[in-house]
2 protein chains.
Amino acid sequence: MNDCSTCVVRNRAICASLDSNEIEALGRLGRQQKVSAGQSLIWEGGEALVVANIIDGVFKLSVNGADGKEQIVGVAFPSDFIGRPFGEESPYGVTALTAGEVCMFTRRDFDNFAHQHPELEHKLLHRTLDELDNARKWMQLLGRKNAEEKLATFLLVMSKRLAGQACNPADLSGGFTLPFGRQQIADILGLTIETVSRQLTRMKDLGLIDVPSRRDIVLRDKEALEDLAA
Amino acid sequence: MNDCSTCVVRNRAICASLDSNEIEALGRLGRQQKVSAGQSLIWEGGEALVVANIIDGVFKLSVNGADGKEQIVGVAFPSDFIGRPFGEESPYGVTALTAGEVCMFTRRDFDNFAHQHPELEHKLLHRTLDELDNARKWMQLLGRKNAEEKLATFLLVMSKRLAGQACNPADLSGGFTLPFGRQQIADILGLTIETVSRQLTRMKDLGLIDVPSRRDIVLRDKEALEDLAA
DNA sequence: CGCGTCCTTGACACATATCAAGCCAAGTGG
DNA sequence: CCACTTGGCTTGATATGTGTCAAGGACGCG
């Protein structure tokens with residue numbers, strides 16, 4: 001059982017829809033658990049056994065084609081909800097990209113609880129609708145943008161989510177630290193690692209961005225990037 | 001006000017979650033309306049004013065890039081729900097591909113009604129989760145499949161939704177009639193019209209499909225197509 | 001210091017886009 | 001009933017962006 005009253009994402013996670021009695025009841029069903037980078041919580045095509053709130057860390061949702069080519073279909077951050085409620089199997093895997101911590105429930109427990117708490121379902125519906133909008137915007141990127149447009153869009157989106165979060169020199173000047181390696185960026189954008197690398201060096205050469213270290217990015221010319229993002 | 005008791009999608013639409021009193025109340029808020037091919041109900045980036053159940057016809061959800069390139073991010077059939085509840089603006093447009101009929105509500109009316117009827121929201125949540133799964137599967141197609149794989153996947157998916165629905169010779173032998181022209185297929189798959197055309201003739205030459213007329217398709221070798229779909 | 005992993009860079013190949021022409025079927029008007 | 005037009009589709013020639021293959025470089029870690 002959890003002590004939800006000390007939970008750092010308490011006010012941003014879907015739990016925020018519940019009153020203190022309800023939260024206690026839900027807390028009894030869940031358990032907090034540390035995860036290490038690379039650890040999978042849910043497997044593509046596997047039974048959807050658990051759902052979770054992310055307390056800390058970054059997770060990828062991914063689908064693997066027959067030929068082994070991976071496509072990342074979503075990225076989840078602290079306070080996001082992951083898993084597939086009300087479904088027998090998960091059509092995508094969920095894997096930690098960084099070390100982190102989640103608040104886990106069995107899907108059965110969660111489904112039952114949710115069905116009895118309309119406000120929770122309402123909040124979940126809101127989030128699912130938002131995620132669907134995001135997924136559809138991303139479909140446009142995958143289907144109709146070229147490599148340059150993809151990278152520019154990616155950097156701007158990540159900047160919005162990550163800028164000024166962590167505490168290191170690069171972040172202070174409006175930069176951010178990516179929780180992804182180059183291969184993962186490629187898997188998000190539907191490109192190869194080489195194309196990602198080339199586009200980044202090109203943008204660096206054009207003075208649009210700085211890359212102080214492998215995973216740090218500083219946007220030097222946001223307007224130009226927005227133009228490129230199309 | 002509608003007479004929902006005679007509605008042909010009554011049992012498959014989200015209304016199926018309601019009892020007869022509730023359905024009558026909902027019916028008072030909606031109105032049935034004919035739409036003609038090409039007519040838009042919702043505009044990309046516009047205020048989300050209405051939502052609707054599809055009674056008849058096929059609709060596309062689409063996003064247009066700055067350069068005018070369209071990406072179709074979803075296709076909706078009879079009994080599907082369209083529109084963006086609980087949101088100020090719609091990130092995609094909704095347009096009829098064929099003549100049809102919808103049961104329309106203002107978003108305000110619908111939002112209020114839904115919030116007071118948890119079973120309806122529950123059903124809507126189910127559907128939204130399913131749509132999100134579909135969108136993510138489609139992201140894998142857009143990001144990681146080549147033209148051949150895309151076409152094969154498309155034909156199989158459409159076959160599942162459309163086979164044996166309409167009443168014409170092609171449909172009887174396991175074929176189906178597409179509600180799309182070539183350009184729309186291209187917009188769904190993130191390809192150009194020429195590539196779509198070439199892949200179709202190639203599949204025809206290989207004996208995998210028949211194309212008795214522009215919009216009719218018969219799958220002659222489903223297994224081979226499934227292999228190609230990857 | 002040496003090893004492994006991740007990233008970058010280069011040369012080349014190929015799938016798909018682009019540009020351009022022609023075809024076909026359906027509809028229209030003489 | 002037959003030219004004529006029209007819009008959608010197919011086909012061909014060519015261009016190009018991105019993938020593929022291969023080598024080398026940078027950084028972190030033991």
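Below, chains carry the letters A, B, ... as their sequence lines are ordered, and counting in each starts from 1.
A straight line from CD of B:Gln199 to P of D:dT10 spans 12 Å, rounded to a whole angstrom. Here C:dC7 presents its P atom at 12 Å from CG of A:Asp187, a figure rounded to the nearest Å. In this structure, B:Asn146 places its CG atom 10 Å from C1' of C:dT16, rounding to the nearest Å. When rounded to the nearest whole Å, the span between CD of A:Glu148 and C1' of D:dT16 equals 14 Å. Regarding B:Gln184, its CD atom lies at a distance of 11 Å from the C1' atom of D:dG8, rounded to whole Å. A straight line from CG of B:Leu189 to C1' of C:dA17 spans 15 Å, rounded to a whole angstrom. Spacing between atom CG of A:Leu151 and atom P of C:dC7 amounts to 13 Å, rounded to whole angstrom units. As a whole-Å value, the separation of A:Glu194 CD from C:dT9 C1' is 10 Å.
Contact between the side-chain N/O atoms of B:Thr195 and the OP1/OP2 oxygens of C:dT16 is not found at any separation under 4.0 Å. The shortest distance between the side-chain N/O atoms of B:Ser197 and the OP1/OP2 oxygens of D:dC9 is not below 4.0 Å. The side chain of A:Arg182 contributes an N or O atom lying less than 4.0 Å from OP1 or OP2 of C:dT8. Taking 4.0 angstrom as the limit, A:Thr201 places a side-chain polar atom (N or O) nearer than this to OP1 or OP2 of C:dT9.
By the 4.0 Å N-to-carboxylate-O rule, B:Lys69 lies too far from A:Glu149 to be salt-bridged with it. Between B:Asp56 and B:Lys34 no salt bridge is recorded (no basic side-chain N to carboxylate O distance below 4.0 Å). A salt bridge is absent between B:Glu44 and A:Arg136: the closest approach of a Lys/Arg side-chain nitrogen to an acidic carboxylate oxygen does not fall below 4.0 angstrom.
Just one residue in the list A:Gln183, A:Gln184, A:Lys60 forms a side-chain hydrogen bond (donor to acceptor under 3.5 Å, both in side chains) with A:Glu70, and that residue is A:Lys60.
Counting non-hydrogen atoms under 4.0 angstrom, A:Leu200 reaches nothing in the nucleic acid.
When each of D:dG25, D:dT11, D:dC9 is scored by its nearest atom to the side-chain atoms of A:Arg214, the top-ranked nucleotide is D:dG25. If you check C:dA15, D:dG19, D:dA26 against the side chain of A:Thr192, the one that comes closest is D:dG19.
A residue-by-residue look at A:Lys69 and B:Val196 shows that B:Val196 has its nearest nucleotide of DNA chain D further toward the 5' end. A residue-by-residue look at B:Arg144 and B:Arg215 shows that B:Arg215 has its nearest nucleotide of DNA chain D further toward the 5' end.
Remark: the B:Arg198 side chain and the C:dT18 base include a donor-acceptor N/O pair separated by less than 3.5 Å.
Side chain of A:Gln33 to backbone of A:Cys103: no donor-acceptor contact under 3.5 angstrom is found.
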